[in-house]
Structure formats: C-alpha cells, structure tokens
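Presented below is the structure to which this report refers.
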There are 2 protein chains.
Amino acid sequence: MNLQFAILGMLAISPMNGYYLKKIFDKSVNYFWTASLSQIYRELNALEAKAYVSSAIQAQDDRPDKRVYSITDAGSAAFMAWLTHFPADLPTLKRDEFSLRIFFGARLGKDALISQFESFIAERKKIIAAMADDKEEITAVTRRVKAAAPRDKMCMRFITRRSQLTNALLISWAEDCIREIEQTPLEWE
Amino acid sequence: MNLQFAILGMLAISPMNGYYLKKIFDKSVNYFWTASLSQIYRELNALEAKAYVSSAIQAQDDRPDKRVYSITDAGSAAFMAWLTHFPADLPTLKRDEFSLRIFFGARLGKDALISQFESFIAERKKIIAAMADDKEEITAVTRRVKAAAPRDKMCMRFITRRSQLTNALLISWAEDCIREIEQTPLEWE
DNA sequence: AGGGCCATGTAACCTGTTACATGATTGA
DNA sequence: TCAATCATGTAACAGGTTACATGGCCCT
C-alpha cells in the first residue's frame, strides 16, 4: 500500500514510465525505501485499476515504446489524504539482520565477531560514499523534473542528513564495540 | 529464512513452545526484529519438516497443553553455519514510512509538518521508556532461561546501546528539523 | 460478568524477491 | 563483439499481516 503512495508522490511531481520511476527510486528514496522493477509494474497496474493513474503509450524512434503514467485527480486526492493523515502508530517493519547476528554473536569466536563488525563499518562507509556520489545526480534529476521549491529542498535535506548522521553514529558505535571486545580477557574461546 | 535462524538461536538457549517464543521475541529482539505468532507457528512447522527442531506435547493441569520445541543436532549445525557465514552484502529491507512522508512533506503546511515531527519524537521517547521498562524483565527472563556468560551479556548490551544511541540521535535530529522549519519565512502556504 | 492471559493453529491476503522472456541500440 | 541500458511484463515463490476459530483459568 505504501509503495503505491510513494509512486503517486513521484507521479505528482511529473508523469513518467515504470522504468524511469525505478531510476528515481534508486537515486532518491533508496536509502529508506527500496522497490524492484517488477514490484513497480505490479503497483502501477493496481493504481490504474483504481483509476489513481492513467497511462498512454509514447512511441520513440530509437528506443522501445514506453508507457507513461500520469496521476489523476482521484490519485492526487488519495495521495494528499495519505500524506495528511499521520497514523497514530507508524508501523516500522523491523528486519535488521546485522543486529540479529550480533544478538547471537557470543557464540562466535572473538576474531569472527570483530570481523563482522569490521564488515559492517566497511559497508556503512560505502553507503556514505555512494550518497556523496549520488548527491549531484539527485539534484540534477530533480531539477530536470521540476524547479523544486526551497521547502522541497529542505525536506530532502532533512532525510539526507538523517541518513548521514545515522551512518556516522553506527560507525562509531561499531568501533566502540570492537574496542570493547578487544579488551575482554583472552579466555573467550 | 532469517526468522527461522532467529528461532533456532532462541531454541539453542533453551527448549520452548511457540507462545513463549513470541514473548521472548517481544521482550528482546523486538527492537530490530519483529515476529507475529502465526508466523512463528508457521516457521516452527517448516523447521520441524526440515528436522531442525523436534517437538513434544507437554501436558499441564491448569493450562492448555503446550508443544515444546527443541533444537536438533542438524538444527544447531545449520544455525552455526548461518551465524558464522557473514554475507558479503547483508540485505537491509528498507521500508521507513516516516522518512517517506517527510520526503514528500513539502506539500504539507508548516504546522502539519511540524506536528508530524512532534509525533515522531513522542514515539521515540515512548520506545526509550519501554526499553527501560523491559530491561529488568529481559535480564530476568534470560537469567531464568540460562546463566548467561559475560560475553552473552556484552552482545546484548551492544544491541541495546545501538537502539538507545539511535533513538537519542533521531530525537535531536527531529528537534533540529522543527527548529529549521520554524525559521523559514512565513510565506510557506 | 467480562477482560486478559495461556495456548494452538488455519486461511486469505498483501508485499517483496527472483527468475524468466524478449529485443533493439549504444558505447567500449 | 560483448556488455550495458532502455523498456515491459509474467510467474513462482518467500515472507509478513489480519482475521478467524476455540476454550479454560484467573482476577476484578
């Protein structure tokens, strides 16, 4: 259901086809919301069945034809209703495999445990780097799509900063954990 | 698949029934991994079909009979294989509805946006309080189940601290966002 | 008398992943 | 020439949610 609103939100900015939607997703909301192409196509069908979007084939010379989706009035209304109505409990689906592994981590050897934390740090650093790389492209994409109002930029800055802060925190948390493990007596095994 | 390993990990500590497993989940891994009762029952069936666990009915006088599950040798081996083999990319399913809402938040009025951040802060504070409440119960439960080795406690402390730090960070992030929204010129609407 | 806890499960449904199928164009 | 990108979709499967069904005990 939420993915449908995410799609509606994008289509409210500009009409696009499924393939391009996927690209936008990967470059913008990807840090807190993922979607696969097959999922996007499925949800676009569902949205069209509800008449929240309409589609039209657009022929192209050198590339395959594409089906461009536009949001309808009913779709806009549904999107705004969703956005305005803030749920009492926002359900956070929790499936953090790393925490799960660390929860049971005492059964691992000291070195194995430390190396898992090190992999975790490496991955977080990769994410930070990827975010920096994406940054220019995101602004380029959003600029092409629509001249974003200052408040649009502000909201995007909020969620970018959230990711940056969280990643930085997690790295220092993991470093502390490693230090603590290293300080435990050798009689671990 | 991962839920199966989470269940195996719990059963490796002590045999238990599905209902009690759910309680343990809610009081321990709940902050980074959730599971519903029907899911637990389903996965227990799947685990038994694979002979990773075995079960036996245990009669009780004043309460309904219960089916107590124990981990088998094959189950222990599978669990340790999973725990030891750290995946190159640990797939983080991302579905953070709050970030999604804020991403599209510029279409909301200033007050509505601020109040969504305030709800977010209130919820995070509730989680922190719930964690503090649970803390005693968790240690009581784990103590009843098994005399936890110091390194078990250390690993649990790691993930608890992670939650605490993250929550504290998110609250101060949200407070900063509110401050920034308040400082924007009045010509928002 | 009524609600909450103990206890187990099934069925339908929704959401997300992976694999398959097709095929032209473009750049290294 | 080979891989990547553009472009759309289906099918099967895996994982998670919600609703239903049952029923005794305990406490207020």
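Quantities reported herein were computed from a predicted structural model and do not represent experimental measurements.
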Whether Thr84(A) side chain and Ala81(A) backbone form a donor-acceptor pair below 3.5 Å: no
Touch class at under 4.0 angstrom, heavy-atom based, for Asn2(A) against every strand present: nothing
Atom-pair distance (OH on Tyr19(B); P on dG4(C)), nearest Å: 12 Å
Sugar-phosphate, base or nothing in reach of Asn17(A), heavy atoms under 4.0 Å: sugar-phosphate
Residue whose closest nucleotide on DNA chain C lies nearer the 5' end, Lys94(B) versus Pro64(B): Pro64(B)
Spacing of Arg63(A) atom CZ relative to dT8(D) atom P, expressed in whole Å: 12 Å
Gln60(A) side-chain N/O to dA7(D) phosphate OP1/OP2 under 4.0 Å: yes
Side chain Lys66(B), main chain Tyr20(B), donor-acceptor under 3.5 Å: no
Ring centroid separation Tyr41(B) to Tyr19(B) under 6.0 Å: no
Side-chain donor/acceptor of Ser55(A) to backbone N/O of Val68(A), under 3.5 Å: no
Touch class at under 4.0 angstrom, heavy-atom based, for Lys22(A) against every strand present: nothing
Nucleic acid contacts - residues 34-46 of chain A versus DNA chain C, non-hydrogen atoms under 4.0 Å: Ser36(A), Ser38(A), Gln39(A), Arg42(A)
Side-chain (Glu175(A)) to main-chain (Ile121(A)) donor-acceptor, under 3.5 angstrom: no
Phosphate OP1/OP2 of dG16(D) contacted by Arg95(A) side-chain N/O (<4.0 Å): yes
Spacing of Gln4(A) atom CD relative to dC14(C) atom P, expressed in whole Å: 10 Å
Whole-Å gap separating C1' (dT8(D)) and OH (Tyr20(A)): 18 Å
Length of the CD-P vector between Gln58(B) and dT8(C), whole Å: 10 Å
For atom CG of Leu21(B) and atom C1' of dG9(C), their distance in whole Å: 15 Å
Whole-Å distance separating the CZ atom of Phe5(A) from the C1' atom of dC14(C): 14 Å
Candidates dT8(D), dG23(C), dT8(C) - which lies nearest the side chain of Lys66(A): dT8(D)
Parallel, tilted or perpendicular, as decided by the 30° and 60° cut-offs, for the rings of Trp82(B) and Phe104(A): perpendicular
Rounded distance in Å - CE (Met1(A)) to C1' (dG16(D)): 16 Å
Residue-phosphate contact under 4.0 Å: Lys23(B) side-chain N/O, dC6(C) OP1/OP2: yes
Worked check of salt bridge (charged side-chain N to carboxylate O under 4.0 Å, His left out) between Lys23(B) and Asp26(B): CA-CA 5 Å; Lys23(B) 290 192 76 178; Asp26(B) 285 351; over 6 Å; no
